[in-house]
Each structure stands twice: as C-alpha cells, then as structure tokens.
Amino acid sequence: MAQQADGTRRTPLTRDRVLHTAVALADRAGIGSLSMRSLAQELDVVPMALYKHVANKEQLLDGMVDVIVGEIDPPADGADWRSAVRGRVLSARRALLRHPWASQVVESRTAPTPGTLDYLESVIGMFRAGGLSADLTHHAMHALGSRVWGFTQELFHGPGGDPQAQAAALREAADRYPRIVEIATAGAHDDGSVVGRGCDDQFEFEFALDLLLDGFERLHRQGWTSAGHR
C-alpha cells in the first residue's frame with residue numbers, strides 16, 4: 001500500500017514550478033489567457049494553493065519576468081566592453097523572441113524586479129569596466145532604452161493584407177507622401193518581421209544597436225561629458 005501511495009503522490013508545488021508553468025502557459029495560449037485560475041487548472045491544484053508562492057497576479061508576472069531574464073546569456077569572458085554589451089543585448093533579444101508576450105509584460109512592470117535590477121547592473125558594469133564614465137554610461141542607458149531588452153518601438157508599419165492591395169496603397173500614398181514611401185520601400189524585406197511589415201527585423205535592430213555603440217565609443221574616446229550640453 002505504501003508503494004502504491006508513493007506512485008500516486010503529486011509533484012510538490014514550488015514557486016519555481018509555478019513560475020515556469022505560467023511562462024509555458026503564456027507561450028502556448030498568450031498572456032491574455034493567464035489568470036490565477038487558469039494557472040491552477042494547468043497545475044491541477046486549487047487556486048488558493050498558488051497564493052503560498054505568489055501573493056497575486058502582479059507578483060506572478062514579476063516572477064515570470066525574472067524567469068525570462070534568467071535565460072539571458074551571461075557576459076562573455078574576456079570580451080571588450082562593446083562586444084560584451086552587444087552580446088548581452090542580443091541574447092536578451094533572443095530570450096524575448098522565444099516568448100512573444102514578454103516585452104509587453106516587461107514594459108508593464110511599475111517597479112523593477114530583482115532579476116531586472118541584476119541584468120541592468122551587469123550592463124552598466126560592462127560600460128564602467130570599459131572605462132566609460134558614470135555620466136556617459138547614464139546617457140548611454142537612456143539612449144539604449146528598450147533596446148537593452150532586445151526590442152524597440154518602430155516608427156513605420158507598412159500596409160498589411162494582400163500584396164496587390166499593398167502595392168495599390170503604396171501607389172496612392174506616393175503622391176502625397178513620396179519621401180515616406182521612398183524610404184519604406186528602400187530596405188531589405190522580411191515578411192515575418194515583428195517591427196514593421198517589409199523590414200528585416202533583426203537587421204534593423206542590430207543596425208541601430210551598432211550605431212549607438214559606435215557613438216558611445218566615439219564619445220568615450222573624446223572624453224565627453226554632459227556638462228555644458230544640457
């Protein structure tokens with residue numbers, strides 16, 4: 001009888017299991033489907049059992065953010081500051097692309113989570129270890145904005161739908177907005193882009209990231225400070 005009881009014993013409910021199951025549920029069904037009730041059903045427990053591990057849904061979302069941050073690769077050993085920052089940011093991007101809902105949740109947090117603070121501390125540390133001043137690093141972090149997490153808010157979103165309808169819309173717009181149409185149709189195309197239909201998502205992200213890193217390096221070499229530029 002004891003062996004039979006052991007064979008049917010439930011897997012212990014832990015905070016780690018709760019958070020990773022919530023991430024998997026959001027990946028499969030979307031963040032909108034996630035609730036304390038739906039998560040309890042996924043774990044085959046009563047909803048009250050969850051509250052021993054997360055106080056409410058906001059704390060659940062905080063924990064999920066830290067699970068995603070935990071997927072970001074650590075800094076490469078021996079890399080210069082520019083390569084280290086670039087690698088860390090691109091790893092963050094890969095982590096968020098694996099979880100399409102994650103950028104929305106990261107932006108929704110009203111206070112940084114412990115994992116978020118650890119990640120930002122490490123990125124700042126890379127700049128400072130490379131010799132960039134606290135002043136320049138402050139402005140560099142502002143300039144990176146959401147790119148430090150691997151996503152951006154894009155300016156242009158092309159017309160969707162049937163390709164013939166897209167072409168017709170562009171021809172119609174060209175008379176009134178010729179410069180917008182010119183640059184919107186000038187770049188490489190990627191139908192699966194998440195930043196804007198018609199743009200090569202990964203290329204655009206890395207292009208902007210490299211421009212920023214080049215600029216930070218140039219200012220660092222010039223001994224730039226923000227004094228007198230405010």
Side-chain angles (χ1 to χ4, degrees), residues 65-66 68-100 102-109 111-158 179-180 182-190 192-196 198-230:
V65 168
D66 283 352
I68 304 306
V69 173
E71 296 181 9
I72 301 173
D73 294 333
D77 292 334
D80 62 273
W81 71 265
R82 190 185 185 283
S83 298
V85 171
R86 190 179 194 275
R88 195 87 155 115
V89 169
L90 291 179
S91 179
R93 177 172 174 78
R94 289 191 295 273
L96 265 69
L97 288 176
R98 286 193 294 270
H99 309 281
S103 60
Q104 173 188 342
V105 175
V106 168
E107 288 190 301
S108 73
R109 301 300 84 208
T113 68
T116 296
L117 292 174
D118 287 342
Y119 173 64
L120 296 177
E121 176 76 9
S122 77
V123 175
I124 291 168
M126 293 174 204
F127 283 120
R128 298 291 283 130
L132 278 70
S133 68
D135 180 36
L136 179 53
T137 299
H138 171 98
H139 296 289
M141 293 297 288
H142 273 292
L144 281 171
S146 64
R147 278 190 178 86
V148 78
W149 291 109
F151 65 93
T152 55
Q153 295 79 35
E154 294 300 322
L155 179 60
F156 294 108
H157 298 279
R179 293 177 182 84
I180 292 177
E182 179 185 29
I183 68 162
T185 57
H189 290 172
D190 175 12
S193 171
V194 298
V195 298
C199 295
D200 183 332
D201 192 1
Q202 186 68 24
F203 178 84
E204 301 297 352
F205 184 89
E206 293 189 30
F207 177 76
L209 176 62
D210 287 337
L211 281 180
L212 288 168
L213 293 173
D214 288 345
F216 302 155
E217 187 169 27
R218 177 176 57 82
L219 292 175
H220 171 50
R221 289 176 177 175
Q222 292 174 352
W224 181 92
T225 72
S226 63
H229 293 276
R230 295 184 182 279

Report summary line: For Pro75 and Met126 the tightest heavy-atom approach is CG-CE, 3.4 Å
Query - Pairwise distance CD1(Ile124) to OG1(Thr137) - rounded to 0.5 angstrom - result: 8.0 Å
Query raised in the report: Are the side chain of Thr152 and the backbone of Arg147 linked by a donor-acceptor contact shorter than 3.5 Å?
Result: no
Requested in this report: Apply side chain to side chain contact (heavy atoms under 4.5 Å, CB included) to Arg94 and list each qualifying residue two or more places apart in sequence or on a separate chain.
Outcome: Asp73, Leu90, Ser91, Arg98
Could you list the donor-acceptor pairs under 3.5 angstrom formed between side-chain atoms of residues 211-220 and any protein atom two or more places apart in sequence or on another chain?
{"from": "Asp214", "atom 1": "OD1", "to": "Arg82", "atom 2": "NE", "distance (Å)": "3.3"}
{"from": "Asp214", "atom 1": "OD1", "to": "Arg82", "atom 2": "NH2", "distance (Å)": "2.5"}
{"from": "Glu217", "atom 1": "OE2", "to": "Arg221", "atom 2": "NH2", "distance (Å)": "3.2"}

Report task. Under the side-chain contact (heavy atoms from CB on, under 4.5 Å) rule, what do Thr113 and Asp118 come out as? Steps first, then yes or no, please. Result -> CA-CA 9 Å; Thr113 68; Asp118 287 342; over 6 Å; no
Report task. Hey, could you give me the CG/OG distance between Leu96 and Ser146, rounded to the nearest 0.5 Å? Result -> 10.0 Å
Query raised in the report: Of all heavy-atom pairs between Arg128 and Ala134, which one has the smallest distance, and what is that distance?
Result: NH1-N, 3.4 Å
Query raised in the report: What is the distance from atom CD of Glu206 to atom CG of Asp201, rounded to the nearest 0.5 Å?
Result: 10.0 Å
Query - Approximate separation, where rounding is to 0.5 Å, of Phe127 CZ and Leu144 CG - result: 5.0 Å
Query raised in the report: Is the His139 ring parallel, tilted or perpendicular to the His142 ring (thresholds 30°, 60°)?
Result: tilted
Query - Stepwise side-chain contact (heavy atoms from CB on, under 4.5 Å) check, Arg109 with Val105 - result: CA-CA 7 Å; Arg109 301 300 84 208; Val105 175; 4.1 Å; yes
Requested in this report: Identify the heavy atoms of Val148 and Ala92 that sit nearest to each other, and give their distance.
Outcome: O-CB, 3.9 Å
Query raised in the report: How far apart are the closest heavy atoms of Thr116 and Asp66, and which atoms are they?
Result: N-OD1, 3.6 Å
**Report entry** Greater than 12 external heavy atoms within 6.0 Å of Glu121's CD
**Finding:** no
Query raised in the report: Is there a donor in the side chain of Asp135 and an acceptor in the side chain of Ser226, or the other way round, less than 3.5 Å apart?
Result: yes
Requested in this report: Specify whether Trp149 and Tyr119 have parallel, tilted or perpendicular ring planes, treating 30° as the upper limit for parallel and 60° as the lower limit for perpendicular.
Outcome: tilted
